[in-house]
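All remarks here apply to the structure that follows.
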Amino acid sequence: MEVEDLPSVLAIESQSFPNPWHESTFRGEIQHRPISFPLAVVHSRLNKVIGYIIFWQVGEDVQVNNIAIHPDFRRLGIGEAVLKQVIELVRWRGARLVTLEVRPSNTAALSLYRKLGFKMMGVRKGYYTNPPEDAFVLSLHL
Ligand SMILES: CC(C)(COP(=O)(O)OP(=O)(O)OC[C@H]1O[C@@H](n2cnc3c(N)ncnc32)[C@H](O)[C@@H]1OP(=O)(O)O)[C@@H](O)C(=O)NCCC(=O)NCCS
């Protein structure tokens with residue numbers, strides 16, 4: 001992901017989350033390389049950003065901070081393919097544990113994570129705002 005991708009990324013973000021990240025947060029992730037990995041998913045034929053994933057790797061620990069696919073390109077296997085590739089990448093880079101937070105109401109994301117083997121690690125009470133909701137913390141041991 002580069003700064004010039006941000007208009008497309010922000011459009012997807014606002015269509016994907018009730019409390020979308022601000023542009024400054026994405027800029028921060030871009031600036032925090034190499035701890036942060038902000039990756040854009042580009043449609044090869046349309047040459048257009050259709051999704052992104054942002055994760056941090058610190059040693060053996062990986063935290064997935066954001067993943068979204070443009071609504072027009074969902075349910076095509078792209079989110080799963082992206083997450084699988086990231087898991088292989090971080091495994092190759094020495095990761096042992098991948099964690100992430102998800103709203104209990106986000107059945108699509110929960111289903112994706114469970115399909116890839118993530119397990120329930122805990123609950124963060126009142127983690128989300130707008131609307132308020134706990135977070136499920138999921139983890140995958142590599
Ligand atoms: C979650 C998200 C990234 C999934 O991306 P996607 O490309 O549509 O997902 P895929 O097509 O790769 O689906 C893979 C698996 O995810 C699950 N899944 C995806 N969308 C689903 C839906 N609407 N309902 C139920 N399960 C769903 C299924 O298990 C699916 O496997 P299957 O096709 O064998 O049933 C996408 O829905 C999205 O961008 N949502 C908004 C942002 C978001 O919620 N991000 C996660 C924050 S924690």
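Order of listing sets the numbers, starting from 1, for every ligand and every atom in it. These numbers were taken from a predicted model, which means no experiment stands behind them.
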Nearest-contact summary for atom 31 (O) of ligand 1 - protein heavy atom, Å = Lys115 NZ, 3.2 Å

When clusters are formed by joining ILVMFWY residues with side-chain heavy atoms under 4.5 Å apart, either directly or through shared neighbours, do Leu110 and Met121 land in the same one?
-> no

Write out the residue and atom name of the closest protein heavy atom to atom 17 (C) of ligand 1, then the distance separating them to 0.1 Å.
-> Ser111 OG, 3.4 Å

Side-chain heavy atoms under 4.5 angstrom apart, residues restricted to Ile, Leu, Val, Met, Phe, Trp, Tyr: same cluster for Phe37 and Ile87?
-> yes

Part of Tyr113 within contact of ligand 1 (heavy atoms, under 4.0 Å) | side chain

Under 3.5 Å side-chain donor-acceptor pair for Glu29 and Asn66 | no

Are any of the N or O atoms of Ile69 closer than 3.5 Å to those of ligand 1?
-> yes

Where the side chain of Ser14 meets the backbone of Ala11, is there a donor-acceptor pair that is under 3.5 Å apart?
-> yes

Where the side chain of Glu13 meets the backbone of Pro20, is there a donor-acceptor pair that is under 3.5 Å apart?
-> no

Residue, atom name and distance, where the atom is the protein heavy atom closest to atom 21 (C) of ligand 1 = Ala108 CB, 3.4 Å

Does any N/O atom on Leu76 come nearer than 3.5 Å to any N/O atom on ligand 1?
-> yes

Do any heavy atoms of Glu101 fall under 4.0 Å from ligand 1?
-> yes

Would you check whether Gly77 has a nitrogen or oxygen atom less than 3.5 angstrom from a nitrogen or oxygen atom of ligand 1?
-> yes

Does Glu4 use its side chain to pair, donor to acceptor, with the backbone of Leu6 at less than 3.5 Å?
-> no

Part of Arg114 with heavy atoms under 4.0 Å of ligand 1, whether side chain, backbone, both or neither | neither

How would you list, by chain and number, every residue that makes a salt bridge (Lys or Arg N to Asp or Glu O under 4.0 Å) with Lys125, sequence neighbours excluded?
-> Asp134

Atom 41 (C) of ligand 1: which protein heavy atom is closest, and how many Å away?
-> Arg74 NH2, 3.5 Å

Numbered in order shown, the ligand 1 atoms found under 4.0 Å of a heavy atom of Asn106 are 43 (C), 44 (O), 46 (C), 47 (C)

For atom 7 (O) of ligand 1, find the nearest protein heavy atom and state the residue, atom name and distance (0.1 Å precision).
-> Gly79 N, 2.7 Å

Answer yes or no for atom 36 (C) of ligand 1: protein heavy atom present at a distance under 4.0 Å?
-> yes

Is the backbone N or O of Asn19 less than 3.5 Å from a side-chain atom of Tyr128, with the two atoms forming a donor-acceptor pair by type?
-> no

Counting heavy atoms only, which part of Leu112 comes closer than 4.0 Å to ligand 1: side chain, backbone, both or neither?
-> both

Which atom pairs, one a donor and one an acceptor, fall under 3.5 Å between side chains of residues 73-85 and the rest of the protein, sequence neighbours left out?
| from | atom 1 | to | atom 2 | distance (Å) |
| --- | --- | --- | --- | --- |
| Arg74 | NE | Ile69 | O | 2.7 |
| Arg74 | NH2 | Ser16 | OG | 2.8 |
| Arg74 | NH2 | Ile69 | O | 3.1 |
| Glu80 | OE1 | Lys115 | NZ | 2.8 |
| Glu80 | OE2 | Lys84 | NZ | 3.0 |

Record the part of Leu100 in heavy-atom contact with ligand 1 below 4.0 Å; permitted values are side chain, backbone, both and neither.
-> neither

With side chain to side chain contact (heavy atoms under 4.5 Å, CB included) as the test, would you mind laying out the steps for Ile54 and Phe26 before giving the verdict?
-> CA-CA 9 Å; Ile54 299 176; Phe26 285 100; 3.7 Å; yes

Counting only N and O atoms by type, is there a donor-acceptor contact under 3.5 Å from the side chain of Arg103 to the main-chain atoms of Pro131?
-> yes

Report the nearest protein non-hydrogen atom to atom 14 (C) of ligand 1: residue, atom name, distance rounded to 0.1 Å.
-> Glu80 OE1, 3.3 Å

Among all protein heavy atoms, pick out the one at the shortest distance from atom 33 (O) of ligand 1; state its residue, atom name and that distance to 0.1 Å.
-> Arg75 NH2, 3.3 Å

Heavy atoms from other residues, nucleotides or ligands near NE2 of His43 exceed 12 (cutoff 6.0 Å) | yes

How far is atom 45 (N) of ligand 1 from its nearest protein heavy atom, and which residue and atom is that?
-> Ile67 O, 2.8 Å

Going by the atom numbers of ligand 1, which of them fall below 4.0 Å from some non-hydrogen atom of Val102?
-> 48 (S)

